[in-house]
Structures are given as structure tokens and as C-alpha cells.
Amino acid sequence: MRFGLTEDQGLFGRSLRGFLADRLPLDALRRLAETGTGFDAELWRGLGELGLHGLLVPEEHGGAGLGMLDAALAAEALGYHAAPAPFAAALVMAVQAFRSAGDAEQQRQWLPRIAQGQARIGLGFAGLAGQTGRAALRLEGGRLSGALDGLMDGGEATHFLAYLPDGRAALIEAGAPGVTATLRRSVDRTRALVDLDLAGAAPVALLQSSNDPLAAARRVRDAGRVMLAADTLGAAQNMLDRAVAYAKERVQFGRVIGSFQGVKYMCADMATMLEPCRAMVWYAAYAQDAVPEEAAMVAAHAKAHLAEVGREVARLATEVHGGMGFTDLLGLHHQFKRITFDRQVLGGPERCRHDAAVAQGWVAA
Amino acid sequence: MRFGLTEDQGLFGRSLRGFLADRLPLDALRRLAETGTGFDAELWRGLGELGLHGLLVPEEHGGAGLGMLDAALAAEALGYHAAPAPFAAALVMAVQAFRSAGDAEQQRQWLPRIAQGQARIGLGFAGLAGQTGRAALRLEGGRLSGALDGLMDGGEATHFLAYLPDGRAALIEAGAPGVTATLRRSVDRTRALVDLDLAGAAPVALLQSSNDPLAAARRVRDAGRVMLAADTLGAAQNMLDRAVAYAKERVQFGRVIGSFQGVKYMCADMATMLEPCRAMVWYAAYAQDAVPEEAAMVAAHAKAHLAEVGREVARLATEVHGGMGFTDLLGLHHQFKRITFDRQVLGGPERCRHDAAVAQGWVAA
Amino acid sequence: MDLTLTPKHRALREEVDAFIAAHRGAAPRPGGGRKRPDRKALDWQALLLEHGYFARTIPREYGGFGAPHDVIELAIIADAFSRAGISPGIHNQGISMLVPTLLEVGTEEQKRRWIGPTIRGETIWCQGYSEPGSGSDLAAAQTRAVVEDGHFVINGQKIWTSSAHFADMMFLLCRTEPDKSKHAGLSYLLLPMSAPGIEVRPLRTMTGRAEFNETFFTDVRVPVDQIVMGRGDGWHVANVTLKYERMLLGDPNKLQQRLEAIRRMMEQPGADGARLLDRAEWRDRLLRLQGEVIAARNHNMRLLTETAEGVDSGLGRFIVKYHGTMLAHRLASLALDVMGSTGLLYEPQGEVAEDDPATTWQIDYMYDIGLIIGGGSSNIQKNIIGERGLGLPREPKAAVPAGRN
Amino acid sequence: MDLTLTPKHRALREEVDAFIAAHRGAAPRPGGGRKRPDRKALDWQALLLEHGYFARTIPREYGGFGAPHDVIELAIIADAFSRAGISPGIHNQGISMLVPTLLEVGTEEQKRRWIGPTIRGETIWCQGYSEPGSGSDLAAAQTRAVVEDGHFVINGQKIWTSSAHFADMMFLLCRTEPDKSKHAGLSYLLLPMSAPGIEVRPLRTMTGRAEFNETFFTDVRVPVDQIVMGRGDGWHVANVTLKYERMLLGDPNKLQQRLEAIRRMMEQPGADGARLLDRAEWRDRLLRLQGEVIAARNHNMRLLTETAEGVDSGLGRFIVKYHGTMLAHRLASLALDVMGSTGLLYEPQGEVAEDDPATTWQIDYMYDIGLIIGGGSSNIQKNIIGERGLGLPREPKAAVPAGRN
């Protein structure tokens, strides 16, 4: 028994961070964030070369066949560098969706395309996960109509996976007849949300092979929640690291500000909140693969707790930077907004905690 | 229009504090707190000489005929000095009870006795105010039976006023046949709670003259809540004052500790929380007499908010004192426990906030 | 304590309520102040001024309504607009800081010239205080002005000049008496932003907009009578202004407006048909904040009364900014949570167009942190509260390493 | 990450659950540790030791169960007792701090002599570290011991010696080498509290009990072999002990126990028949704390693994005490709120009797603040986290006024 990362996992995390640090210096990040699509073809290719596209895709479908903990490490690195790349929905939730509710033929057809980076799937839940906005889809005679707001990783997506209220999910081609996708730029310009209006669109696949479609959908939701928690962990760690570095060099009143207890204690408070979150995210990710009876509960708790801690760290780290933290100059706000985004999608803390209570049988759903 | 105290009120608060400071040096307080009855005959007499007994009793019944704001100033002073004296129930809620639901004869009979300090009435609510514990009283054939836990100001009370679930209240003589009063020493040894077991006790008065007995009972509850909020304000202000004084004199690492930002900011945080509470308590008290449509809402909010602020101040002020704050030596804990008590009787913050929502029509009762 | 409403006050309350009911369609969204007012905001402002719901006690000769000072009247008006969630008019640095400063220490001519256009929202002011080397230590300002031919000639640099990019005028703290001691060498000048030699470089913030600027002065000329009080009185005037700034930043009516706006959002049914106000965990969060807002509002009433009676509120006043800005941020935080994923949509509009609610709340959420930081982070406020409010000793000077003595 | 349960682990889990089901009636209330264990606690302890649910990995020759070290086994056991809300055995300073210290640096004879009676709860230890003049700065200890006739002769004074009034033994940090530098002059002695010349004066705390003491030493004699490691090694040994103290104070199993106890209270119908667990605002408070407890428990598992693998956890370890004690206090705070007015009843019992739940929670609520303060307030912990964990610079020495150089 080990509670920790393997050597391979440590290596993977470090190499991904190295790559992102190299590709995303502040001026590059600022440029890529301008569009608000959460996508850059070159970065996407580079991440593919590192094996990110097929990370969770089983080896027989051309992927690396790794687990949710590896994906969480990737999400953490992406959050750390505020990388404008589809990940949580396109490369984790979508794969989980196919694996939990796609039939063998659908998996054979789509998982390799995901692994090759050809299919980038934006994904949308309705009330199932606490998303707000329009969520009124109906499937009639094999055609999908209605509206669904806030599909994640929707910018420059090739396909959309839209969940129906009954837990089944319909895959639709972007640009197909009857599909209107409106990019809604999010406050976090490194990730986009898309609003979908459908008028008799024909799905290219209908994921309905699970005996319990709602449970399958919840597993997809939980995978997404763990990724968002990991993303916040990375973004908050970045803000803390930078606050500490700034506090060590910025001089005021003749002293580096980090020697003032006021600033030092802000940093200590941030570290005290954030450090236990690392193991929490690890465990929540691991449980998705290995501890099914706890998976929903710990995913919800990780999402909620990281959202609370992330918000505090985001504010305190900005404060440590003083006026500079509030400007665009240091680019600290990319991580700040990343944390905002992670909190508000797939259910805020109150909703996630409610789901944790449901998962433990404390209350009916 | 003035939002503030009159000159008389300022004078009254100061003279009461002067009296209490004189009568309750730490060794005296420690001695009086030993019994846990929340009563000392000599202190009681002294408070009577200052006019406390009849503060709220109308002049025609031998009282001073003052208002709830004057009573709140008294409560604040009593909290500041952690005075072991019946007040919130015996001298405020009981008077309010007679005035809102007693008939003319009952008022004529009892209010003068309260004003003269002869009747000290312990008072108990059941679910009406969020009290926990036993609350099962029934009035049958003019006789009262059952149990009611946690009557306030119950130590050495001459009478008990027990509220029935329908909002009527029965006054019972302590020591009358069928009345068993068990003193339950509270963590705050300056105020006692009494558990009442009744077996066919005969009330000496039944307060039922209101058209809406539940509304009348709620007014009594609200008056009590304002007094507890004021008591916490005083106790917390005392702890803050002492923390600031200690921080100015205690030397560590060659400096007075108040010059360290760590300690200074604890004090600043306490002051920032506590200072706006003063006006809040004033207004909540004033509203009981003058703004009936807001009275319940602001009483509930004052009780809840002071409980939250009080808890934080109690912890921080203790921390500023370091190990000495945790010992009995400085007696700081008398105020600490006063704050604990105020929070836990007549409904904790969640319950009070719920009542505030009900009072605003946000939710059904 | 006497908050009794006289018949006159009751009449006013009914009048304001009726006004709001009749005109609410014409009101712009509450908030703003970070942009030049648009036509709608200017028209609304004119309407408010006409009815005496704005600048009520400012004398008619300066463009106000000329009513006698009555704290309860002002409270009735503010409360009515808060409750209805209707914009109570424009708030910006000119209106909230310069106007009361001029009323307190300006000349008759300055009052007549500047107050009217400022309260009408026509003349927009920016504040020239902070410099790169003196964020918290304002009195160390190095921007200098020397007198030549009846003009001050200004050279130097200011930073954090909010709205400088669309402002018409600036109130500027600069050094005119270099021979005098630090605090005695400053003056407080009024100058048009159109003056030659002023260069405004936008300073983009985390909101994505350039709410602040760096402003550079190269031989900028201002007639010598464009000064408030006299030469060397700048520090005194600046402190008058700062007093009003601290009150502006802790404004409880803004807090109340936010609270009401959130309550209204929570009363709307969500996608699943349920209202958040019916969910106890959400309601309790709102109620907690309501309790704090009530405390802030009551505290403000106390301060207003003390001010009216010439009492020095001391600690009570020092806490206002820290208390108010933190509370405002927590309100914005709840608003974001209430909106959920829909509230992430973010498309700030240009200088005059209105932002959508999601964008507005996101901006508030971030901008509030800027306000918490403003003037050197909340720690500076805690120093003021601890040292000036509670009398705790200052941080000792650090020991200077040998050789640097 | 591999938390897979082997068949052996699954069997252990079932075995522990069965044990708890069979014996739960014999268990004392969880908590304690501030009193001498009563008969019930000692019997329970014996039962746990017999089944290897306590001191599982301590060798049999020292009185333990002698199982090989397996973190997951320990986790299974701790989890089962936490879930059931059943006392996992006695925790006191002897068991949690001295025993691991002796296992790490004690002699064979010391281990054989002291570990058995200590883990059985028969021998109670107290800690002689703090002195009136050196609360946080332990290495400045002035209590001295000189060697005479094969004995250390001890003179001086200790403070905050919890349980000294009922302890059998003390581990004492004192100065034996006055000529050596501050840290190199200390030794770590073991001495019976019955030794002549020891005077214990109770130090009553806010709980109303004397959980702490001042302890005075006048020519107290201890044989020279009652030392852990050698003369001058005291600082090293004390730090081994402190390492275990920091872990004890942040113990996540205690947090879990509290959480479960509160959940059970919230499942009981109140006077009105309703359960607090069914009220969303209460449930959400419990859930928030549950999230934090989960994080603390996962973090602890990470630290255990790192320890087992010889990795220095650095920051991860420095935060444990501050994080754990604050969280414990918040749990106790919720417990008080859940109990409401009934929870105010307070009658602490004597040294061995059990307290009622309300009294226990009130004591926890207050005692936790003592633990937060322990060793110089949470600020000292924040200094450690900031300086040793994050590498931030120390507070500079204050400038010494002229003339005091």
C-alpha cells in the first residue's frame, strides 16, 4: 500500500509542466487567451505528442490506458500554467462517457479518434451536475431539438456530447444541419463555454448502453469534478508560489515584504489551506478507478473543498502582490479566473456538498 | 432624528459600569461564580439601588418606565463585567411578558413586585425560541404538569414563568407543591439554568390576555434575544479591551507584542467585527419599542450576528493572551463563557437567521 | 435614539416610492462609476437632481436641491432606492470625493464653477495621488510644480489614476514647496486633462479593461488660481478628500443594493424550477450577509449622527473601509455562486454601454479586490485600525545592518 | 497510489468490525487523555492490546502486538473505530510522544522497562519542557541538573506541565552542561514524580480544572542512567518528541471521531421531532467540515507514506498542528451549536469519572484553544510555516535604542 505518486507519475507531471512553462510564457498566454476559444492548434498538437489526447483511452484503442490519477496530474499542470487547451470535458469526461455508456462499436469508432486528437468533444450536462442556464433537450424520432447552455470545452470542438435528462447522451457533429453553437466567452479566457441550439439535429451516436444511464452520467460528472478540483489545485499552487516569490523580493519600508508578519501569515494561511488538498485530489482521482463506493462522495467533496480553498487563495495571493496583483502586468489573473471557472461549472460547493450527502445516504436526491 | 444615545443613557451606562467595576474585582467575581446560581443578594440589592429592577416597569407600577435601549445598555454593562445577576429573563422578558399578555390586575399585582426586586422570575420557552431539551407541558383543570428544561435566570428565582406551546404563559411559585426545580449549573457560572418538573402545580397567574398569544410570546423572545446580543457585545468588548491592553504591555522577543503585526492584526480584526455591532444592538433594542414591523427581524439578526462575532472575538482575544489567556489567573474566561451562554440560549445563529427569514416572509415558519 | 418619522418624513417616503414606481423604467442598472455615464444615466441623474433625490442638501446656487441637512431624509431616500434595487444616481470620484472637499474648503468661485457640472455627471474627475514610489506613503509625492508666469508648471508621474482616460479634470497632489518639510510642501491643484503635456497610458487590470492609468506630466501649465486652499496646504486638502474616500468605499447603501439584487436572483426559479431562496443552505448564506449589512448600515447611521454633532468617531470610522470592502467582496462572491455556470459569461462593453449582469458581477468580484488592495492592501487598513484606532505601537524600525548607518 | 485491500486486509477489516460489534458495550467514551484512565478505560485498553488494535507494531518484548509495520492495517483499524465512534484506546503524552521517542532513540533496557506499562495506561507521563521565561524558546531552558554521587541533582521550575498532578513519571528537558552552547547543553531525563523535592502546584485553566501545573524542583535526585541518549543530547531527543507532538495535535482520527459523533447527534430527533441532519443549513455546515476532515485524513496518509519511505515532508508536516487544531475547534464549535441550550450544562467530574457529553464538548471547545495556543499561539505556527515551510525571511531584529547597545 502506498499513498503517493509513482515515479512515472512524478516524471509525467514534471515533464508536462516543463513543456507548458516553455510554451506558455506570459506573452504567449496573453495572446492565446485573447480569442477566448480555449484552444490553440499548436499547443494542442504539442500536448498530443506528450500523450495527453489518449491518456485515458485504453491501449487497444490507441491510447495510453492510464488512470484518473494521471489525468488529475495533467489537469493540475494545465491549471498551474492556465493552459488554453480542452481537457476536462474533451479528454476525460468524453472518454469516461464512451467507456461507461458506449457500446463496443461506438468505443471502437470514437476512442481512437479522441486518442489521435481528431475528435475534440465539447460536453454538456443539465441539472444532473448543477449547471445553470437552459437545459431543455428532447429526442424525437432520432432527432434532437431544444437548447443546452454552457457546454465545456466547446470552443473549436469537433463534436458535442449533450446529455439528456434521462442520462443518455447524444453525440452531434459541430456544424451539422440544425446545430447552432454560440461561443460564450467565459471570464476565464483560457476555456470557453458554448450554448447549443438544436433544431432536429441528427446525432452521430447515442450513448445508451448502460443499464443505469443516470449512474453512468454521474460517473462522467464525477470525473469532471475531480479534474476541476485538480485544475484549481494547480492554479492556486501557482498563485501561492508566485505570492511567496514576490514576497521574497518586493521591498517596502526598507524590508522585503515577506518579513512582515502581515504578509508572511497570509502566505502561511494559504499554504495551510492548500497543502492538504493535494492528497485529497489524489485520493478523489484514485477512487474513481479503484474505490467505486466512495467515488461520487469524494469527487463532490474535492470539488467543493478546492473551490472554497481556491477562492481564498486567489484573493490572498492577489492581495500579497498589492496593486501589481490587480493589474494585467503579471498575468496572475489567468490563474485567478481559472479558479473562478472551476468553481462555477458542474455545480458550486453547496450543490457538490449536497451531492456528497446524497452519496452517503444522508438525504434523498 | 438621532441615531445614538442620549446624554442620560450615556451617563446611565457609565455609572452602572462604574458600580460593577467596583463591586466585581476578579476575586469577588470568582467567589460569586463558584455557586453557579447566577445570583448574589448583595449585588442584587446594589443593582436595585441603581434602578435596575424596575427599569422597564411603567412608572404607574413603581418602575422607571424606560425603554428597551436602556435595558440593552444595562445588559451590555452586565456582560462587560460578567455580572452574576438575573437580568435578561427576570427583569426584561418577564416585564415584557406581563405587558404583552397580562391583564390589568396581573400587571398591577406583579409589576411592582418585580420593580421592588421581590419577584425574581425565571423564564422558559420551548421550541418557540429554539431552546433544546424537554418541553412537554400541559395545563389540565388549571394544573400544570410535565417538564420544561433550561429556564433562564432560574437560580434563586422566586417564580417561574413557563410558556405553553400555544403561547400562553403560566406563573408558578418556586417551592410550591408539585414544583421540582433542578439547578443545572451552566458553563457560564454567572448565570444558571433550571430544569422544571411539574406534577399538577397550580399557577399563580396565567398570562393569556393577548389576542394573539404566540405573537405576544415572540415579543418576549425577541426582547430576550436583544438582551443576549447586548450581553455578548459587552463581554466581547471587555475581551477586546483586555487583549489590547495586554498587547501593549506584554514583552516578548524584546518588543511589546502589540507591535508585531500578527498580534496587531488580530486586534484590528476583532475591532472591525465588533465595532459595527454596537449600532446594530442599539437599533435592535430601539426597534422593539418603536419599529414593530422590524422588531422580530432585527432582534433575530442581532442575536445571530453577535453570536458569530462574539465567538471569533472570544477565541482571538484568548489567543492574544497566549497561555495566560487559557488559565484561570486573568479571569478572561468569565466573559468567554458569557459569550458561549448567550449563543446557545434562545436559539443559535442558524435558528435566529431562520426566524429572520420568517419575519421577512422569505419562508414559512 | 429617535428615528421617529415625522408626517413630513412619511410624506417623503411615499413620494420617493411613488417616484420610483413611476420612473423605474427610465433607470439605468445600478453600479457603474467605472465608466463615463451614458445618455440614460445622465438623463436619470437630471431627473434625480430635479426631484432632490441626489445632491439634496447641496445649495441651489451650486446646482443642488438646496434642502436643509436632515440625515433621516437622506436615509429614507437611500433606503427606498436600495429596496427597489434602482440606481440612486451616479457615484464617481468627482461626486463623492471632490465635491464634498470643495464644499468644505473650496472658494465660492470653485464651488460655483465645478460642483454643478460634476453632480450632473457632465464633468468627470480623476484623482492624481499615488506615484510609483509612493503607494501608501502619499505624502512622499515627488511630482513637482513650479510657478512661472502665473502658472504652475507640472512635471512628474502618477499611477493608479482611475478614469484618467475618459476624465475631463484631475485633482492633483504635487510638490510645490520643495524647501519645506515633506507634509508642508504639497499643494492640491485642479487641472484639465486636455492640457498639453499630459500623457495617459492605460494600465490594464485583471478585469481586462484599463480602469487605471499611468499619467505623465511634461511641462503641464495650470493657472495659479487653480489651487484648492493655498500653497503648502495640499496635505490638508488631500486628507479631507481621503476622509470622504474611506466613507465612499465602505458605502452601506451599495452593500444593501447588492444584497437586494442577490435576493431577487435567488427568488427566480432555476432550470429545475426550484428557487435558491427556498433552499436553506443558500438562504442561510444570504441571511448571514444580511445581518452584516444591517450592522454596516446601522453603524453608518451612527457615524452620520456623530459627524452631524461634531463627534470624532475615531475607531468607528477607521474600520469602515476594511469592513465594507471585504463585505462587498463576499456579496459579489455569493452572487457568482448563485449564477453558477451562466455567471461565467464575460463580455465587458466599451466606455458607455451597459454590461450584462454576469459580466457586471464578475467585474465587481475582481474590482472589489482592487478596492481592498487600494492604497496598499488590507494590511495598511489593519495598521491604521490597530495603531490609530486602538493605540497599539507601530512596527519598530528594522535594525540597520552595520555599514549602512 | 495503491490502496488495494489484499484478502488479508479485507479479513482484518471484517475482524475489527466484528470485534467492535461484539465489545462496543465495554468501550469507554472516546476522548479523555486529560485524566488518569479509569478502570473501564484500562480494561478496554487491555482488550485492544490483546487483539492488536493498539500498539500493533510495537514489538511483543516491549508489550505490543508485534505485527509488522503496515500503514494500511493501521488505517483500517483507525477507520473502523472512527466510523463506529468507539474509543480507539488511550492517548496521552506518554503513549503518543515518549513511547515513539524511546523506540527511536532509547536503550534496550529503557524500552523494556517503560513501554509496556505506558501503553497499558498504567504509567502516566508528563512533559517537563516549558519554563516561565521560555515558552516558545524551549532551548533556553534554565532548569539545571548537576551530577553528584551518581545522581543528577535537579533545581528549577517548569510550567504548563499537563497531568503532572496525577502523573507517575516526567520526561524532563534540563541544562546539564552549562559550559556548552545553548542547544548543546541540554539533557533529557526520566524521573518519578514521587521523588523528594518535587512540588506540583496546580494551574487552573478556563475549564475550571487544573489540567496544567507549575512544577518546582529542589535538589531532586535521579540516577545518572535515567537519561535518554547522552549528556548534551537533550535538544536532539526533545525534537524527536516534538515531532511526534505535532502529529498528535493534528491527529486526523480524532477529527474523524468528532465528526462522526456530531453526525450521530444530528441524526437524533430534537424536541420538535425534527432532525438537524434534515435541515440543509445544518447539513451543509457538517458537510463543509467533513470535506476538511477528508483532506486532513488524506494528507495524513500521504505523510505516513512519506515517512515510511524516508521522504522529508517539509511544509506538509509543518502545517499539521495549525490545520488540525483549528479544525478540531471548529468541530467542537458545531457540536455546541447542535446541542443548543442543553449543551450549556457543565459539571466536570473528578480525575477518573467520565464527564457527560455536554461537559466534554465544552471542555474540548475551550481546551482546543489551549492547544492552538500551546507553545506560543498560532502565530508561532505561522512563523514556522512561513519561514521553515515557505522560506520567507525572519522578522528582522528591532533596532536597539541608542545606549542599550
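Heavy-atom basis, side chains included; hydrogens, waters and symmetry copies ignored. By convention in this document, chain letters (A, B, ...) are assigned in the order of the sequence lines, proteins followed by strands, and residues within each chain are numbered from 1. These numbers were taken from a predicted model, which means no experiment stands behind them.
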Specify which of [options] makes the most heavy-atom pairs with chain A at under 4.5 Å.
| options | result |
| --- | --- |
| D/H299, D/M1, D/M326 | D/M1 |
| D/L277, D/L287, D/I319 | D/L287 |
| D/R283, D/R275, D/M266 | D/R283 |
| D/L392, D/I385, D/L286 | D/L392 |
| D/I294, D/D278, D/V311, D/T6 | D/I294 |

Examine whether an atom of [X] lies under 4.5 Å from a heavy atom of chain A, and if so say whether it belongs to the side chain, the backbone or both; otherwise answer neither.
| X | answer |
| --- | --- |
| D/R297 | neither |
| D/E292 | both |
| D/R302 | both |
| D/E267 | neither |

Identify whether the distance between the nearest side-chain nitrogen and carboxylate oxygen of [X] and [Y] falls below 4.0 Å.
| X | Y | answer |
| --- | --- | --- |
| D/D337 | D/R285 | yes |
| A/R351 | A/D355 | yes |
| D/E260 | D/R83 | no |
| A/K303 | A/D222 | no |

Mind ranking [options] by heavy-atom pairs under 4.5 Å with chain D and telling me who comes out on top?
| options | value |
| --- | --- |
| A/A290, A/A304, A/A357, A/A284 | A/A357 |
| A/M297, A/E275, A/H305, A/Q261 | A/E275 |
| A/D269, A/V298, A/T6 | A/D269 |

Does a side chain donor of either [X] or [Y] reach within less than 3.5 Å of an acceptor in the other side chain?
| X | Y | answer |
| --- | --- | --- |
| D/Y53 | D/E15 | yes |
| A/D231 | A/Y80 | no |
| D/E306 | D/S313 | yes |
| D/N253 | D/Q257 | no |

**Prompt:** What is the ring orientation for A/Y283 with A/F3, classed by angle as parallel under 30°, tilted 30 to 60°, or perpendicular over 60°?
**Reply:**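 Parallel: the ring planes of A/Y283 and A/F3 meet at under 30°.
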
**Message:** So for A/V256, is it side chain, backbone, both, or neither that comes closer than 4.5 Å to the heavy atoms of chain D?
**Reply:** side chain

